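What follows is a set of notes on a single structure, which appears directly below.
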Number of protein chains: 2
Amino acid sequence: MSWTLGTVNVNGMRAAVRNGFPAWRGRSGCDVLCLQELRMQEDQMTGDHTEPRGWKRVQVDAEKKGYSGASVWSRLPVVDQGTGIGLDWADAEGRVAWMQLDRARVYSVYLPSGSSGEARQAMKERFMAHFFDWSRDLLATGAPIAICGDLNIAHAEADIHNPGANKKNSGFLPHEREWFSELLGLGWTDCFRAANPDAREYSWWSNRGQARALDRGWRIDYILASPALAATLESSSIVGRTPALSDHCPVLATFGA
Amino acid sequence: MSWTLGTVNVNGMRAAVRNGFPAWRGRSGCDVLCLQELRMQEDQMTGDHTEPRGWKRVQVDAEKKGYSGASVWSRLPVVDQGTGIGLDWADAEGRVAWMQLDRARVYSVYLPSGSSGEARQAMKERFMAHFFDWSRDLLATGAPIAICGDLNIAHAEADIHNPGANKKNSGFLPHEREWFSELLGLGWTDCFRAANPDAREYSWWSNRGQARALDRGWRIDYILASPALAATLESSSIVGRTPALSDHCPVLATFGA
DNA sequence: CTTGCAAAG
DNA sequence: CTTTTCAAG
């Protein structure tokens with residue numbers, strides 16, 4: 001039996017619900033869903049903001065209201081679950097939640113954005129350094145693992161609409177792209193790219209101007225699979241069709257049993 | 001030649017413009033317009049937020065962005081103009097602007113609301129005390145004067161939809177109503193009430209619930225005329241028809257030459 | 001340009 | 001319930 005894993009940065013679960021998230025989720029075919037940037041805390045949530053009956057959820061909130069937050073929803077059996085990446089300030093920002101399923105461990109990760117200035121870019125890079133070592137330790141287990149989420153970096157020139165104009169913008173800096181290459185070098189598979197070597201599809205568009213209408217986007221949302229999981233990859237897609245749930249769109253991957 | 005004076009609390013000039021303020025102004029028949037709660041500063045304004053060609057404007061901004069502010073617009077000849085009521089903290093909140101026209105002096109006044117708590121109610125009462133003496137001095141000149149604006153007090157039982165339920169709410173407290181009676185006792189004429197002794201019309205409705213649809217309003221916006229001006233009062237009306245420009249509606253008065 | 005928050009009404 | 005501001009993305 002194959003199963004489908006999805007990830008989407010909802011940029012505010014309340015806004016995403018207004019934009020049709022519940023209906024999208026129902027027809028998405030996902031068995032497991034990783035969400036980032038919930039921008040609401042668990043105690044503010046009502047039915048529409050949470051998992052349907054029969055599903056399980058693990059969620060991590062930022063201490064700051066209206067900011068960050070991540071969760072994993074699953075309709076597959078859950079063996080264990082938790083939150084955090086072992087970096088205090090990042091964990092207080094609610095950036096990592098995970099579930100151990102019967103067939104894989106699934107992480108929902110929201111890597112800090114550096115676009116709001118030097119100070120946040122420095123935090124992003126501290127997170128990247130920690131994440132790199134942490135992900136290497138995960139690979140060392142040999143287990144089937146997926147890291148899903150908004151990594152706020154477009155890896156290659158094919159992952160951004162205008163590589164030339166963005167070489168000095170956070171998210172496409174040369175050293176960020178090099179970090180991504182080294183991450184894949186550890187053994188992670190970028191599922192969408194592995195399944196679609198020549199695709200030019202994006203998962204995020206700026207809200208400024210007509211970026212989305214003109215498809216001036218970036219591919220910054222990923223499903224990374226460890227070797228044991230990547231061996232079962234069947235397909236992966238980016239769901240860029242309207243209606244838009246947020247400034248990001250969902251990324252899916254289907255794995256064999 | 002008669003002339004028409006209007007007053008309206010716009011609760012954000014930007015929102016009022018979205019709600020059709022420019023078109024309303026054009027068909028209102030006003031020669032002079034007093035505005036309160038502009039909630040934007042002069043340097044943020046573009047064409048739609050300001051007077052049409054051939055008009056004059058005097059405006060006072062709050063120091064705090066997005067807060068308070070008042071102005072007078074006139075298409076009649078302006079002899080002099082100014083701002084403030086001589087109360088430092090209130091003047092820093094941008095609550096009084098005036099124009100000396102050829103036929104009258106016109107004040108646009110935004111009296112503080114006390115609805116957000118005890119501290120603001122105390123400020124309201126300090127403003128009321130100062131305003132009382134200030135308005136008495138104005139009357140002593142014997143000149144034709146109008147004080148227009150949001151006084152944040154409903155005077156009589158006929159000026160509020162539910163007198164019984166509001167006796168403990170700021171804006172209909174017994175001592176506020178008594179202050180208003182004493183103000184009229186100084187010699188000011190409440191133009192709308194003078195022209196419409198039995199009317200039950202309101203100039204403000206809460207945004208909560210269905211207050212406006214159910215006409216559960218308060219009459220808290222006034223045109224007060226000094227004896228010399230009141231002697232020329234021809235008519236006064238409240239423009240409660242949709243489309244709503246804000247949570248308040250305009251109040252008009254027409255005077256003879 | 002958009003989300004959600006906060007203060008104020 | 002609504003306006004505007006603010007931080008953040």
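Every chain is numbered from 1 and lettered A, B, ... according to where its sequence line falls, protein lines coming before strand lines. Source: prediction; values computed, not measured. Computed from heavy atoms alone, side chains included, the values below leave out hydrogens, waters and symmetry copies.
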Base, sugar-phosphate alone, or nothing: which one does [X] contact when heavy atoms must sit under 4.0 Å apart?
{"X": "A/Lys124", "value": "nothing"}
{"X": "A/Gln210", "value": "nothing"}
{"X": "A/Gln44", "value": "sugar-phosphate"}

Using whole Å, what does the distance between atom [atom2] of nucleotide [N] and atom [atom1] of [X] come to?
{"X": "B/Arg95", "N": "C/dG9", "atom1": "CZ", "atom2": "C1'", "answer": "10 Å"}
{"X": "B/Leu245", "N": "D/dT2", "atom1": "CG", "atom2": "P", "answer": "16 Å"}
{"X": "A/Asn11", "N": "D/dA7", "atom1": "CG", "atom2": "P", "answer": "18 Å"}
{"X": "B/Asn207", "N": "D/dT4", "atom1": "CG", "atom2": "C1'", "answer": "14 Å"}
{"X": "A/Gln36", "N": "C/dT3", "atom1": "CD", "atom2": "C1'", "answer": "16 Å"}
{"X": "A/Arg39", "N": "C/dC5", "atom1": "CZ", "atom2": "P", "answer": "8 Å"}
{"X": "B/Trp205", "N": "D/dT2", "atom1": "CH2", "atom2": "C1'", "answer": "16 Å"}
{"X": "A/Asn9", "N": "D/dA8", "atom1": "CG", "atom2": "C1'", "answer": "13 Å"}

Flag the pair [X] / [Y] as yes when at least one side-chain heavy-atom distance between them is below 4.5 Å, and no otherwise.
{"X": "B/Trp179", "Y": "B/Ile153", "result": "yes"}
{"X": "B/Leu151", "Y": "B/Tyr110", "result": "no"}
{"X": "B/Glu157", "Y": "B/Arg177", "result": "yes"}

Among [options], which nucleotide has an atom closest to any side-chain atom of [X]?
{"X": "A/Arg18", "options": "D/dT3, C/dG9, C/dT3", "answer": "C/dT3"}
{"X": "B/Lys65", "options": "D/dT4, C/dG9, D/dT5", "answer": "D/dT5"}
{"X": "B/Ala15", "options": "C/dG9, C/dT3, D/dT4", "answer": "D/dT4"}
{"X": "B/Tyr67", "options": "D/dA8, C/dA8, C/dG4", "answer": "C/dA8"}
{"X": "A/Ser116", "options": "C/dA7, D/dA8, C/dG9", "answer": "D/dA8"}

Original post:
OP1 or OP2 of D/dT2 sitting under 4.0 Å from any side-chain N/O of B/Arg14?
Top reply: no
**OP:** Could you tell me how the ring of B/Trp73 sits relative to the ring of B/Phe21: parallel (under 30°), tilted (30 to 60°) or perpendicular (over 60°)?
**Re:** perpendicular
**OP:** Just do the side-chain contact (heavy atoms from CB on, under 4.5 Å) check on B/Asn166 and B/His161 with the steps written out, would you?
**Re:** CA-CA 9 Å; B/Asn166 284 297; B/His161 73 288; 3.9 Å; yes
